[in-house]
Amino acid sequence: MSDSDAINAKIAELEAEMARTQKNKATNYHLGTLKAKIAKLKSELINGPGGKSAGTKNAERGFDVSKSGDTRIGLVGFPVSNYPLLEGEIPSPQSCSNLMLLKFFTGQSVGKSTLLTSLTGTRSEAAAYEFTTLTCIPGTMKYKGARIQVLDLPGIIEGASDNRGRGRQVIGTARTCNLILIVLDAEKPVTHKKIIESELFSFGIRINQEPPNIKLVKKENGGIGYQEAVLQTKGMNADVARLVCKEYKISCAEIILREDVTVDQFIDVIEGNRAYIPCLFVFNKIDAITIEELDILDQLPNYVPISSQHQWNLEELMEEIWDRCNMLRIYTKPQGQTPDYDDPVILHSESPTIEEFCNRLHKGIMADFNFAWVWGRSAKHQPQRCGKDHLLCDEDIVQIVKKV
């Protein structure tokens, strides 16, 4: 038995014990121990012996695609719309009979490549069978002046976090995106959504979540200090925190919980390698379902219905992408000239400051910054003389004045 098989067997044994354990206040301590052990074993499975401290011995690098544009989004989905009926890796025509290949290729793709072509115009091989895309295909679309890089990633299969079907390469590239679009077939069960969510979660991607407000500072001595700024109702207490720290060989640290958190969220903070990425569930092929079925899908959160083949509802999808990435357009105005409306500066923030705007242009601007003239919704009068802490709004016009 290989090391990975042994680790998987330990994880399965611990998960079975968790399933047998009743959840109440008396078992919080034991459940916290099991969760910490499972998280540590999964970290070892991905990064090699020793977990994250051992580097990335067995982890995949992801596809080597240079980042371009103002933001990056990734298209993730099954290689085939009826995937859960399939087991195993990508078959090779040389190693399979014609009957086996016919059985394997009877499903339909979820339409990621067609969506990429509709959004960016980039030609990605599209067909009605699965595994059409075997590598990462990048494309660029322009929306509201922003250049958005779109990555068509190969389909992932169940067990992708354990590197089945090059899954770690796919999910590793998804970690570099500002937004993940999970493309699903509207004709198929919504359980497909749960499988992909589980694979992303196992690889340390927390979709549509914010980092927990926990302060963890390691110390040289003094033991474990534990404070709660708010009442904990989800299983966290001083004993569970000390037990989890002991599992990760942390003997001295200061812990402050500033919100009501779960044990899993506390473990995520200790691991320190989680990616918190917004996500949209894109249900493709709505032209093949009824209005009643569409009304049922409409009850799901974070979802957009489209038809990439007929280019239905793509405008709403692009608007949702814009909102989820928190993109704002700031126009520059050289002294004595008209504003440049063709090439805005794109900022990723709900309330960016002039200092963030200057650093987005060049890191050295703030050394000579004096003040800025601002036109737009954030200005009380047109123009307004502002300092570096002034909060900007979408489509503001900024003229920077340097020190003489």
Side-chain angles (χ1 to χ4, degrees), residues 64-75 116-122 137-152 173 175-181 210 275-278 280 314-404:
D64 193 11
V65 180
S66 60
K67 197 167 185 177
S68 64
D70 299 302
T71 192
R72 170 186 275 194
I73 63 176
L75 305 180
L116 176 73
T117 304
S118 299
L119 291 176
T120 67
T122 302
I137 309 295
T140 303
M141 70 176 183
K142 197 163 185 179
Y143 185 67
K144 293 184 178 180
R147 294 181 300 276
I148 302 174
Q149 185 182 45
V150 184
L151 302 182
D152 179 15
T173 305
R175 286 178 67 102
T176 67
C177 296
N178 301 100
L179 174 71
I180 295 176
L181 300 184
E210 294 292 332
Y276 296 87
I277 304 174
L280 279 175
L314 294 185
E315 186 65 29
E316 181 185 346
L317 174 61
M318 296 173 76
E319 189 63 34
E320 283 288 339
I321 291 172
W322 179 270
D323 292 338
R324 294 305 174 100
C325 291
N326 287 330
M327 289 190 282
L328 295 179
R329 294 160 291 179
I330 308 297
Y331 301 110
T332 57
K333 182 186 181 304
Q335 189 172 3
Q337 300 180 30
T338 58
D340 183 6
Y341 292 109
D342 296 327
D343 191 17
V345 177
I346 305 299
L347 299 179
H348 294 270
S349 178
E350 293 182 357
S351 300
T353 62
I354 288 181
E355 184 175 6
E356 292 177 40
F357 167 75
C358 293
N359 289 332
R360 182 73 173 85
L361 290 173
H362 194 277
K363 297 291 184 182
I365 290 180
M366 287 307 300
D368 299 324
F369 178 83
N370 189 10
F371 64 91
W373 292 111
V374 178
W375 293 260
R377 289 186 298 162
S378 69
K380 295 180 181 178
H381 46 81
Q382 311 297 326
Q384 178 182 349
R385 177 171 170 163
C386 304
K388 64 177 183 178
D389 296 325
H390 176 78
L391 298 180
L392 298 170
C393 294
D394 189 27
E395 294 192 285
D396 277 357
I397 300 171
V398 177
Q399 177 182 313
I400 299 172
V401 179
K402 293 184 177 182
K403 296 175 183 177
V404 178

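These numbers come from the heavy atoms of this one structure, side chains and all, not from hydrogens, waters or symmetry mates.
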inquiry  = Ignoring hydrogens, what is the shortest heavy-atom contact between L151 and T173? Give both atom names and the distance.
reply    = CD1-CG2, 3.8 Å

inquiry  = Give me the atom names and distance for the closest heavy-atom approach of P278 to L179.
reply    = O-CD1, 3.3 Å

Considering only distance and modelled atom types, tabulate donor-acceptor pairs under 3.5 Å from the side chains of residues 375-382, sequence neighbours left out.
{"residue": "S378", "atom": "OG", "partner": "H390", "partner atom": "NE2", "Å": "3.0"}
{"residue": "S378", "atom": "OG", "partner": "D396", "partner atom": "OD2", "Å": "2.4"}
{"residue": "H381", "atom": "ND1", "partner": "P383", "partner atom": "O", "Å": "2.9"}
{"residue": "Q382", "atom": "OE1", "partner": "G376", "partner atom": "N", "Å": "2.9"}
{"residue": "Q382", "atom": "NE2", "partner": "G376", "partner atom": "O", "Å": "3.1"}

task = Using only heavy-atom distances, determine whether the side chains of S68 and R147 contain a donor-acceptor pair under 3.5 Å.
result = no

ask   = Can you tell me how far OG1 of T353 sits from CG of N359, rounded to the nearest 0.5 angstrom?
value = 8.0 Å

ask   = Hey, are the side chains of R385 and W373 touching, using non-hydrogen atoms and a 4.5 Å cut-off?
value = yes

ask   = Do the numbers put K144 on top of the ring of W322, so that NZ or CZ is under 6.0 Å from the six-membered ring centre and no more than 45° off the axis?
value = yes

query = What distance do S351 atom OG and E356 atom CD have between them, rounded to the nearest 0.5 Å?
reply = 9.0 Å

query = Out of I330, V345, L361, T332, which residue meets the side chain to side chain contact (heavy atoms under 4.5 Å, CB included) rule with V398?
reply = I330

query = Hey, does I148 have a side-chain heavy atom less than 4.5 Å from the side chain of M318?
reply = no

Can you list, pair by pair, the side-chain donor-acceptor contacts under 3.5 Å of residues 363-372, counting residues two or more places apart and other chains?
none

key: From N178 atom CG to C325 atom SG, the distance as rounded to the nearest 0.5 Å   = 5.5 Å

request  = Report the C-alpha separation of I321 and L181 in whole Å, then their side-chain angles, then the decisive distance to 0.1 Å, and conclude whether the side-chain contact (heavy atoms from CB on, under 4.5 Å) test is met.
outcome  = CA-CA 9 Å; I321 291 172; L181 300 184; 4.0 Å; yes

query = Any ring-ring contact (aromatic ring centres under 6.0 Å, His included) pairs touching residues 339-368, not counting sequence neighbours?
reply = Y331-Y341

task = Measure across I277 and C177 and return the closest heavy-atom pair with its distance rounded to 0.1 Å.
result = CG2-O, 3.8 Å

query = Taking NZ, NE, NH1 and NH2 as the nitrogens, is one of them in R329 or D70 under 4.0 Å from a carboxylate oxygen of the other?
reply = no

ask   = Roughly how far, to the nearest 0.5 Å, is CD of Q337 from CD of Q335?
value = 9.5 Å

task = Of all the heavy-atom pairs spanning L328 and S349, show the shortest one and how long it is.
result = CD1-O, 3.3 Å

inquiry  = So, taking the atom named OG1 in T338 and the one named CG in D340, what distance separates them when rounded to the nearest 0.5 Å?
reply    = 8.0 Å

key: Gap separating the SG atom of C386 from the CG atom of L392, nearest 0.5 angstrom   = 8.0 Å

query = Can you list the steps and then say if I354 with V374 is a side-chain contact (heavy atoms from CB on, under 4.5 Å)?
reply = CA-CA 9 Å; I354 288 181; V374 178; 3.8 Å; yes

key: side-chain contact (heavy atoms from CB on, under 4.5 Å) assessment of V150 paired with I73   = CA-CA 5 Å; V150 184; I73 63 176; 3.8 Å; yes

key: Check: Q149 and P138 side chains under 4.5 Å, non-hydrogen atoms   = yes

query = Can L75 and L116 be said to form a side-chain contact (heavy atoms from CB on, under 4.5 Å), step by step?
reply = CA-CA 8 Å; L75 305 180; L116 176 73; 4.2 Å; yes

ask   = So, do M327 and T71 sit near enough that their side-chain heavy atoms are less than 4.5 Å apart?
value = yes

